[in-house]
Enquirer: 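Once you've had a glance at the structure underneath, I'll fire off some questions.
Whatever order the structure lists ligands and atoms in, that order sets their numbers, starting from 1. No hydrogens, no waters, no symmetry mates; every other heavy atom, side chains included, goes into these values.
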Amino acid sequence: MNILVINAGSSSVKYQLFNMKQETVLAKGRVERIGMETAILVHEPAGKSDVSEVSEILEHTSAIRRVLDILVSKDHGVLDSIDQIDAVGHRVVHGGESFKNSVLVDEDVKKEIRRLFDLAPLHNPAHMLGITAVEVNMPGVPQAVVFDTAFHQTMPSHAYLYPVPMALYRKHKVRRYGFHGTSHKYVSERAAKFLGRPLEQLKLITCHIGNGCSCAAVLGGVSVDTSMGLTPLEGLMMGTRSGDLDPAIVPYAMAKEDLTLSEISSMLNKHSGLQAISGLSSDMREIVEAMEAGDKNAALAFDMYEYRIRKYIGAYAAAMNGVDAIVFTAGVGENSEVLRKKVCQQLTYLGIELDEERNRSGRGTEKAITTEASSVQVLVIPTNEEWMIAMDTYSLVQAD
Ligand code: ADP
């Protein structure tokens, strides 16, 4: 069975085609700048050379058409016909309280995703464009939706409610949802395998540290808390997002700087975090490089970022009354040995003992970076959200 995984954004579509039996990626790629004359398709077929094409692609239906065309093209294709795609799985950011698991798309599911547009105005409308584009191009092919929020639907009410008037929750569903759920779920399952222990018996703290960053407390395989909230702005300091702050800053800064709501929202989402403190970049590679060259602002940005991760680890150890393993994943978590080292060096109270050589070597592989004697294991597990989406889609189609 071949499954196409789609991550549709407002002006982009990312895709990956999997052969489920062989557990291989047949091709992956992306279309960017949808809506423009200079849209670009970058296609990476397995065993053939990569290709990029610039052309006018004005909307998502044409973008998906182009992807399907190249998947079966003579020179760059990996399939004989699009009939060889058995199902499509979509990443959907917000599933609200309605979706606790991945589901097959039908009219009710589409209606519900549309109802959730308010909660994720930048993401869910784009995902719907992707679903409709697949319907038009591949009529009758089953589609599944996999939600970033679903894994965190197991949070208890004391973790997901904000201490504000309940009317906000009852009338407007203002609560914490959490994101990156597909990644937290994937690395939790892999961590249990790596440790050779049943997931049901483990207390894990998973740290997805990429451009967006979130931690989750995973108790017995279910999420009991996570750092992102109603939106992906809460929690850890990120590349360009502030993470936690005193909410009173919002009206205060608006008054003092004469900002509109959309300006302050843009400030907190796009011009804060590592970018704002370093004054340099939102990219951790550049921050570390500048810090090592003696840049004080880069060093401060790094320290704040690291400190906040460490505080969440402490909080989640408290939330679960202990921790068996801490998992680092995503761009920074998988690649920044400096960040992992700094975090671990201040967690000796948990009995963590870093193995510097393990921390340095084996990039891109699943590994422990602690010594055998360490009472809490720290793991690096490369995330694979696309594979998780393909797996969920596969299970749903098989069960149907
Ligand atoms: P997203 O949240 O967009 O999926 P990723 O998980 O791909 O992002 O993470 C992207 C971030 O990973 C980059 O902004 C960069 O800071 C960081 N990163 C990638 N490689 C390295 C590296 N070798 N060292 C430190 N940080 C890295």
Enquirer: Could any protein non-hydrogen atom be found less than 4.0 Å from atom 23 (N) of ligand 1?
Expert: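 Protein heavy atom within 4.0 Å of atom 23 (N) of ligand 1: present.
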Enquirer: Return the orientation label for the His127 and His123 ring planes: parallel under 30°, perpendicular over 60°, tilted otherwise.
Expert: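 Rings of His127 and His123: parallel, as their planes differ by under 30°.
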Enquirer: Kindly determine whether Glu59 and Ser62 satisfy side-chain hydrogen bond (donor to acceptor under 3.5 Å, both in side chains), including the steps that lead there.
Expert: CA-CA 6 Å; Glu59 33 66 56; Ser62 319; 2.2 Å; yes
Enquirer: Tell me which protein heavy atom sits closest to atom 8 (O) of ligand 1, plus the residue, atom name and distance to 0.1 Å.
Expert: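 Answer, as residue, atom name and distance: Asn211 N, 3.3 Å.
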Enquirer: Does Ser214 form a side-chain hydrogen bond (donor to acceptor under 3.5 Å, both in side chains) with His184? I'd like the steps, not just the answer.
Expert: CA-CA 9 Å; Ser214 67; His184 289 294; 2.8 Å; yes
Enquirer: Parallel, tilted or perpendicular: which one describes the rings of His76 and His43, with boundaries at 30° and 60°?
Expert: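 Correct class here is perpendicular.
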Enquirer: Go through ligand 1 atom by atom and flag the ones less than 4.0 Å from a non-hydrogen atom of Ala330.
Expert: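 By the 4.0 Å cutoff, the relevant atoms are 6 (O).
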Enquirer: Is it the side chain, the backbone, both or neither of Arg363 that has a heavy atom closer than 4.0 Å to ligand 1?
Expert: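 Under 4.0 Å from ligand 1, Arg363 contributes side-chain atoms alone.
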Enquirer: Do the ring planes of His94 and Phe179 sit parallel (below 30°), tilted (30 to 60°) or perpendicular (above 60°)?
Expert: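 The arrangement is perpendicular - the two ring planes meet at more than 60°.
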Enquirer: Just need the protein heavy atom nearest to atom 17 (C) of ligand 1, so name the residue and atom and give the distance.
Expert: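 Here the closest protein heavy atom is Val332 CG2, 3.5 Å.
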Enquirer: For atom 18 (N) of ligand 1, what's the nearest protein heavy atom and its distance?
Expert: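 For atom 18 (N) of ligand 1, the nearest protein heavy atom is Gly331 O, 3.6 Å.
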Enquirer: Which residue and atom name correspond to the protein heavy atom nearest atom 15 (C) of ligand 1, and how close is it?
Expert: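 Answer, as residue, atom name and distance: Asp283 OD1, 3.3 Å.
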Enquirer: Would you call Gly212 a ligand 1 contact, heavy-atom distance under 4.0 Å?
Expert: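 The answer is yes: ligand 1 sits under 4.0 Å from a heavy atom of Gly212.
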Enquirer: Check whether any heavy atom of Glu385 sits under 4.0 Å from an atom of ligand 1.
Expert: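 No; Glu385 lies far enough from ligand 1 that no heavy-atom distance drops under 4.0 Å.
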Enquirer: Looking only at protein heavy atoms, which one is nearest to atom 26 (N) of ligand 1, and how far off is it?
Expert: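 So the nearest neighbour among protein heavy atoms is Met284 CB, 3.6 Å.
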Enquirer: Counting only heavy atoms not in Glu37 (residues, nucleotides, ligands), do more than 12 fall under 6.0 Å from its CD?
Expert: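 No - once you tally the heavy atoms of other residues, nucleotides and ligands closer than 6.0 Å, there are 12 at most.
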Enquirer: Tell me the protein heavy atom at minimum distance from atom 19 (C) of ligand 1, and give that distance in Å.
Expert: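 Here the closest protein heavy atom is Arg285 CZ, 3.6 Å.
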Enquirer: Go through it in stages, so that I can follow the logic: the residues are Arg176 and Asp225, the test is side-chain contact (heavy atoms from CB on, under 4.5 Å), and I'd like the CA-CA distance, side-chain angles, deciding distance and then a yes or no.
Expert: CA-CA 9 Å; Arg176 312 184 58 258; Asp225 205 349; 3.1 Å; yes
Enquirer: Would you say NZ of Lys14 has more than 12 non-hydrogen atoms from neighbouring residues, nucleotides or ligands within 6.0 angstrom?
Expert: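 Open: at most 12 neighbouring heavy atoms sit under 6.0 Å from NZ of Lys14.
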Enquirer: Should you measure from each heavy atom of Ser336, which atoms of ligand 1 turn up under 4.0 Å away?
Expert: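 Counting from 1, the qualifying ligand atoms are 25 (C).
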